[in-house]
Amino acid sequence: MARAGGERVRRLFQRAADAGSLGGVIFEGIGAVLLAVGTALASGVLTIADVLIVPLSALTGAVGDLIDAIFGGAAQIIDLGALATALSIGPGGMFNLGPFSFALGIGAVLLALYLVVAYLSEEPTGNFVPGIPFDIPTPGFTGPEEDEDT
């Protein structure tokens, strides 16, 4: 014969019967409500902390990766230039470029930096291909119009 309610309901009624009095039942009920409120508050605090901590930790990781991307390659080139210099002038070295390998590494980094700065300092034009002296008609592409000198 099936009984009404599930195991959870039967345990609830058994706890009420074990309380012995109406005061005990009310005390256990108030304790459960306070426990639920405390749990909800703790969960809310943890959620707010996660809302702040997760994006900030992702931001710090991204900033570290950005700094590594900006300066890491240049530092690696200079480091390899210094290593090639040390190997070429050391005992048994072939002296291919000798001490100039380090200068070549630094020069390559500075040349790349100059090219980036020169590209960024160019004024944007309406040309389809930048740097050519005439404008290619490109239907469908809209860009800033250039003044025509006649």
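- Side chain of Thr85 to main chain of Phe102: a donor-acceptor pair is present (N/O by atom type, distance under 3.5 Å, no hydrogens or angles).
- Rounded to the nearest 0.5 angstrom, Ile53 CD1 and Leu46 CG are separated by 9.0 Å.
- Remark: of the listed residues Leu104, Leu110, Val109, Leu110 is the sole one forming a side chain to side chain contact (heavy atoms under 4.5 Å, CB included) with Ile106.
- Follow the hydrophobic side-chain contacts under 4.5 Å out from Ile78 and you never reach Leu111; the two are in separate clusters.
- Criterion: ILVMFWY side-chain heavy atoms under 4.5 Å apart, direct or through other members. Under it, Val116 and Ile70 are not part of a common hydrophobic cluster.
- Atoms CG and CG, from Leu80 and Leu87 in turn, are 10.5 Å apart once rounded to the nearest 0.5 Å.
- When atom types are taken as modelled, the side chain of Ser43 and the backbone of Thr39 share no donor-acceptor pair closer than 3.5 angstrom.
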